[in-house]
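Source: prediction; values computed, not measured. Counting starts at 1 for both ligands and their atoms, following the listed order.
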Amino acid sequence: MNKNGVTLWFTGLSGAGKTTISHVVAEVLKSQNRNVEVLDGDIVRLNLTKGLGFSKEDRDENIRRIGFVAQLLTRNGVIVVVSAISPYREIREEVRGKIGNFVEVFVNAPLEVCEDRDVKGLYAKARSGEIKQFTGISDPYEPPVNPEVECRTDLETLEESVAKVMNKLEVLGYLS
Ligand code: ADP
């Protein structure tokens, strides 16, 4: 298999740090003249998967569509940076199987830390009941069993998290 393309899949709770880490990783890769495309869950839901909700069925469909685009890009040598809560293990594994060159990054911080950060004010709304089916509060999150990388964003700096991801890409031969 062509080792140039790869999908870097960032999964984790809202506020765990997926967007923050993935954007820095994307910038580093671009500075190394790699073709990079970012698929951010929040943005994808405004176009590619517009209209989908947050039931398990709709969440799985959201991930399946992101996975399909990631697959097309990956096989053409692009480094695809996906940042999506993607709470269900089975669909992540399905996408992994289809794409092949797949590096799962578990962006992990305890729920209390994510809630305390409340970057977008969503946890407060989830607690008050204004938002239903909110991952971690009123909807499940199934952590990866064997992620290629785990970033503990409550314990490490952004730079350390980015370095872990870059190092894994190097070790797996995607940067050569
Ligand atoms: P997500 O995309 O997972 O919802 P965001 O990246 O939007 O999360 O928000 C994560 C928040 O956590 C940001 O405000 C970021 O500055 C903060 N943060 C603190 N430490 C880290 C770290 N080590 N890695 C990434 N983000 C961190």
Side-chain angles (χ1 to χ4, degrees), residues 6-31 36-50 52-56 58-60 62-67 69-70 79-89 91-92 95-96 102-128 130-170:
V6 61
T7 290
L8 263 176
W9 193 284
F10 292 79
T11 173
L13 295 173
S14 178
K18 300 179 297 298
T19 306
T20 307
I21 299 169
S22 64
H23 281 201
V24 177
V25 167
E27 287 314 309
V28 172
L29 289 166
K30 281 181 197 166
S31 76
V36 180
E37 194 58 68
V38 175
L39 294 173
D40 183 286
D42 289 341
I43 296 167
V44 164
R45 275 185 176 275
L46 298 175
N47 43 73
L48 180 67
T49 64
K50 191 172 177 164
L52 291 178
F54 294 89
S55 64
K56 180 173 190 300
D58 278 11
R59 286 178 186 272
D60 282 352
N62 180 44
I63 296 312
R64 208 170 270 123
R65 288 192 207 168
I66 295 173
V69 174
I79 299 183
V80 187
V81 177
V82 176
S83 165
I85 296 173
S86 42
Y88 294 108
R89 197 176 290 134
I91 188 76
R92 291 196 306 266
V95 167
R96 172 196 286 277
F102 188 92
V103 173
E104 190 174 31
V105 182
F106 179 25
V107 183
N108 189 12
L111 176 66
E112 302 72 47
V113 172
C114 297
E115 190 167 359
D116 202 45
R117 289 176 181 160
D118 210 3
V119 188
K120 301 165 205 155
L122 297 176
Y123 281 96
K125 289 184 180 167
R127 287 289 182 199
S128 73
E130 193 181 325
I131 299 178
K132 312 250 182 284
Q133 294 182 298
F134 194 78
T135 302
I137 304 293
S138 44
D139 223 45
Y141 179 77
E142 300 173 357
V145 178
N146 256 319
E148 277 76 7
V149 185
E150 179 175 356
C151 298
R152 277 296 302 263
T153 64
D154 57 323
L155 302 176
E156 57 198 51
T157 64
L158 173 59
E159 290 68 29
E160 284 169 331
S161 297
V162 170
K164 271 187 176 175
V165 177
M166 293 304 299
N167 183 56
K168 182 56 81 171
L169 284 178
E170 174 79 52

* Could you state the interatomic distance from CD (E104) to CH2 (W9), rounded to the nearest 0.5 Å? -> 9.5 Å
* Structure fact -> When rounded to the nearest 0.5 Å, the distance separating NZ of K18 from CG of D42 is 8.0 Å
* Is any NZ, NE, NH1 or NH2 atom of the basic residue among D60 and K56 found under 4.0 Å from an Asp or Glu carboxylate oxygen of the other? -> yes
* Just say parallel, tilted or perpendicular for the rings of Y123 and F134, cut-offs at 30° and 60°. => perpendicular
* Give the protein residues with at least one non-hydrogen atom closer than 4.0 Å to an atom of ligand 1, ordered by chain and number. => L13, S14, G15, A16, G17, K18, T19, T20, I21, R117, V119, K120, T153, E156, T157, L158, S161
* Asked: Cation over ring, R92 on F102, under 6.0 Å and within 45°?
  -> no
* Asked: Does the side chain of F54 come within less than 4.5 Å of I131's, by heavy atoms?
  -> no
